[in-house]
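On a predicted model such as this, the values are computed, not experimentally measured, just so you know. Heads up: numbering here begins at 1 and tracks the sequence.
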Amino acid sequence: MANTPKRKKNKVLKIVTKNHIWLTIVLCVIIAFYTALFVKLFSDVFSDYILNTKFMDEYEKVEYMSKLYDLNIDNNGENVYSLLNEEGRNYFISDNLGNVIYHHGEITMGENSGYISIPVSTNEEKKIKIYFDEETDGLFYSDEEGDLKPRPIGLLLFAVEFYEKSGIQDNLKKASIDLPMWMTYDVQGGKQTFNCRILFKISLMDGVFLVSFIVISVALVACIIVLLLVNMLNTLVNQKRLSKVFFTDPITRGHNWMWFSFRGEQLLKRKGSAKESYAVLDLVFVKFRNYCVCHSVIEGEEMLYRVDKIINQSLNKKEMAAHYASANFALLLKFKDREELRVRIQQIIDKLETIDKDHKFTFHVGVYVVENRKNAKGKPVRRKNIDIEREYNNACTARSTLEECDDSGIAFFDENLVEEQKWIDAVMERRRSAIENEEYIVYYQPKYDPKTNKLRGVEALIRWNSPDFGFKGPGSFIPILEKNGFIQDIDHYMITHVARDQKAWLDVGYECVPASVNVSRAHFSENDLAEQIRDAVDAEGCPRNLLEIELTESAFFDDKKAMIDTILKLKEYGFMVSMDDFGSGYSSLNSLKDMPLDILKLDAEFFRGDINGGRGEIVITEAIALAKSLNMLTVAEGVEFKEQVEFLASKGCDMIQGYFFAKPMPKEEYADKMNRKEGFEEKEETTISGEEPSEEKTVE
Ligand code: C2E
Ligand code: CA
Ligand code: CA
């Protein structure tokens, strides 16, 4: 499977944050443990070997003396002792009770004892009890099994002392230490004990070998451990340096998004608490670009640095924040209830708003609450499937709902926003194919003369017959396309199709009435708009006077001069131009003053609710009168009731477009409402007054 950018990023993060400490420590402990074990085993085996072999000679001597004693004691009596004395050893014979029967030389036997095993034959070992001499008591000890074991340090000290005293450093190779001890041997069938002082000779080379072995082993291990530790420190320093490069934001000098996403995911994956939840926030410094333009980019970045600082100062334990990009910051906050969270965010905003004494800044915050996961018993469990980029994106979606808002604000994310976003994406994605496949359909809503009930005009209104989403009204996609700057294509599509329909109807003898097409204000930024319309209509062979252009009122705000120029040109080319939704904004009158328009369309809002006798009636009356005095025709939109029609007729309104007469309808249905010229197939004149409004296809 191909490496996705996310996977690659995670790989890099793993390298940066990998924890080498534990690995090194564990390795050191293992090495130290096995070395100690090895040294212990080796020194045990080695010292056993020395003890056993060295004692062998002495044992044979003692055995000989004991046997000599046993053989001669009964016969020779006194003579046996002189024989034994010839051996030149200190010895004594004791009875079962420990009483000394005879002794030769001083009895310097110590109290402590231990056994050594001596191989008496290839398969057999004999355990001999050894008493330490007063001189050597403490250099050995007996283990749990009673076996004699050396104390290396004691022996070493003893050796040093011994050599200092004896001064035989000259021939070190042959030098040895004499350790006096006492060996015992049962005589007289076990009734007596023969105790003989023996000299245990340890050659210096043996000692040196053992000690050097231990010292070298320990030194080697120490070296390995030191090397490992140095390597670990090195890695740690490098890791720190690397993570600084990876995780530091160059503008705020604080943490960056990489750090936030990595640590944030770790934090969120931990088991949550039942009482506390986390929220991912997107905080944006609104109009940051304006600030940079008015001041400088450097000053702007300095502001971001201060914002980052303030945000970070407002954080509690186990919360985090980082600069995302541009003027956006990502935050991860803990909270108990939403109201508390809202108050906290507001406090942060309050602090940020006054970050500079000369300005009051605006901040928008989007909040996405990360749900706590619970098990069947209602206890919190680890959150899986954490994708902090997705959560942050949701917070951004919530924040984007504040885009039109000039003040600071907080918006929480809810699932509908995802649906909305998906819909926006779908509309944007399909806008081209919808045009290519002619999925956009023109509906027509007739306009009638309220006095004569005759058809006088028609408005073309778009519908989207989407193979994926069904039949959609303009309210669900036109604002999206307008906002994202893709309405020009729609306007062009509608003009072309309406012109084509009009031409086709003319050709088959219909008495066509002017059809109005909505042109969005965004389109007016193009200064050749009038030419575009003219050429499109001409290309279809439709007379220009059968097309009317409806300008929405808000269009008038953009560039008044360009607007007037376009209107004049449109009129010059033979099109009628109308002002849509008159009365729905606040500068309608002002606009009327300068705009050379043909038709005024009264906004449908006038006809919502009761207009009788109220201020609405006065406004409508005056608006119609005003239009008349400016030589403009009037169209009342959204008229649904007979009384409204009668009222408008009495005030001289020229046309009515509303459900009372007809809803927007497909072109075939609309064609039926038109009259045919003489000579063409005769058709019944449409009676309209009071007829049931035609049913529009259900628009979703
Ligand atoms: P608009 O231009 O003000 O169109 C009039 C809207 O009022 C139409 O809604 C129409 O169906 C509705 N209407 C008419 N009579 C009545 C009535 O008696 N009662 C009620 N409740 N409504 C009535 P529609 O077709 O949904 O269009 C909505 C808006 O979408 C239009 O408002 C226009 O701003 C925009 N639009 C529609 N088609 C196009 C188009 O082709 N291009 C552009 N740029 N915008 C369009
Ligand atoms: Ca309109
Ligand atoms: Ca309108």
Side-chain angles (χ1 to χ4, degrees), residues 435 440 442 447 457-462 474 478-479 481-503 513-603 623 626-627 630-635 637 654-655 657:
I435 287 183
Y440 295 127
V442 186
K447 301 168 192 169
V458 66
E459 180 174 4
L461 294 158
I462 195 167
I478 290 289
L481 295 171
E482 250 176 357
K483 197 173 166 193
N484 293 289
F486 291 101
I487 198 66
Q488 279 92 332
D489 295 347
I490 295 282
D491 288 346
H492 194 267
Y493 179 97
M494 287 295 282
I495 288 166
T496 308
H497 280 73
V498 171
R500 192 173 297 160
D501 285 347
Q502 290 280 63
K503 167 79 170 117
V513 289
S516 61
V517 180
N518 293 282
V519 175
S520 289
R521 66 167 162 160
H523 213 145
F524 276 80
S525 56
E526 291 172 26
N527 50 18
D528 64 340
L529 175 70
E531 286 71 26
Q532 282 181 36
I533 295 174
R534 178 197 65 192
D535 296 345
V537 174
D538 289 354
E540 297 300 327
C542 169
R544 296 179 189 170
N545 65 354
L546 286 185
L547 227 102
E548 176 189 325
I549 304 299
E550 285 194 19
L551 307 178
T552 53
E553 194 195 336
S554 49
F556 288 31
F557 292 121
D558 288 335
D559 181 347
K560 217 166 186 178
K561 187 170 174 318
M563 178 78 60
I564 295 171
D565 284 352
T566 304
I567 295 170
L568 287 173
K569 277 199 269 174
L570 283 168
K571 288 181 62 155
E572 189 193 319
Y573 297 145
F575 298 104
M576 281 201 286
V577 187
S578 55
M579 183 201 269
D580 201 358
D581 302 332
F582 177 77
S584 68
Y586 43 87
S587 91
S588 317
L589 281 175
N590 205 20
S591 319
L592 266 190
K593 185 168 63 94
D594 312 303
M595 305 285 164
L597 298 157
D598 303 296
I599 299 165
L600 193 68
K601 291 190 82 179
L602 299 176
D603 191 62
L626 179 71
L630 290 171
N631 270 337
M632 294 167 81
L633 295 173
T634 44
V635 178
E637 272 192 295
D654 301 292
M655 282 169 265
Q657 176 190 346

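- Across all non-hydrogen atoms, the minimal contact from S578 to E548 is OG-OE2, 2.9 Å.
- Checking side-chain atoms of Y440 against main-chain N and O of Y493 turns up no donor-acceptor pair under 3.5 Å.
- Only one option out of D654, L592, V635 pairs with L600 in a side chain to side chain contact (heavy atoms under 4.5 Å, CB included); it is L592.
- Checked by atom type and distance alone, the side chain of E572 never pairs as donor or acceptor with a backbone atom of I567 at under 3.5 Å.
- Considering all non-hydrogen atoms of both residues, E540 and K503 come closest at O-CG, 3.3 Å.
- Listed by chain and number, the residues in a side-chain hydrogen bond (donor to acceptor under 3.5 Å, both in side chains) with S516 are K447, E550 (sequence neighbours excluded).
- Of all non-hydrogen atoms in K569 and N527, the two that sit nearest each other are NZ-O, 3.1 Å.
- Atoms CG and CE, from D598 and M632 in turn, are 7.5 Å apart once rounded to the nearest 0.5 Å.
- With respect to D565 and K561, a salt bridge is recorded, a charged nitrogen being found less than 4.0 Å from a carboxylate O.
- Listed for the H492 side chain is no donor-acceptor partner under 3.5 Å among the backbone atoms of Q488.
- The backbone N or O of F582 sits nowhere less than 3.5 Å from a side-chain atom of K601 that would complete a donor-acceptor pair.
- Listed for the D491 side chain is a donor-acceptor partner under 3.5 Å among the backbone atoms of S520.
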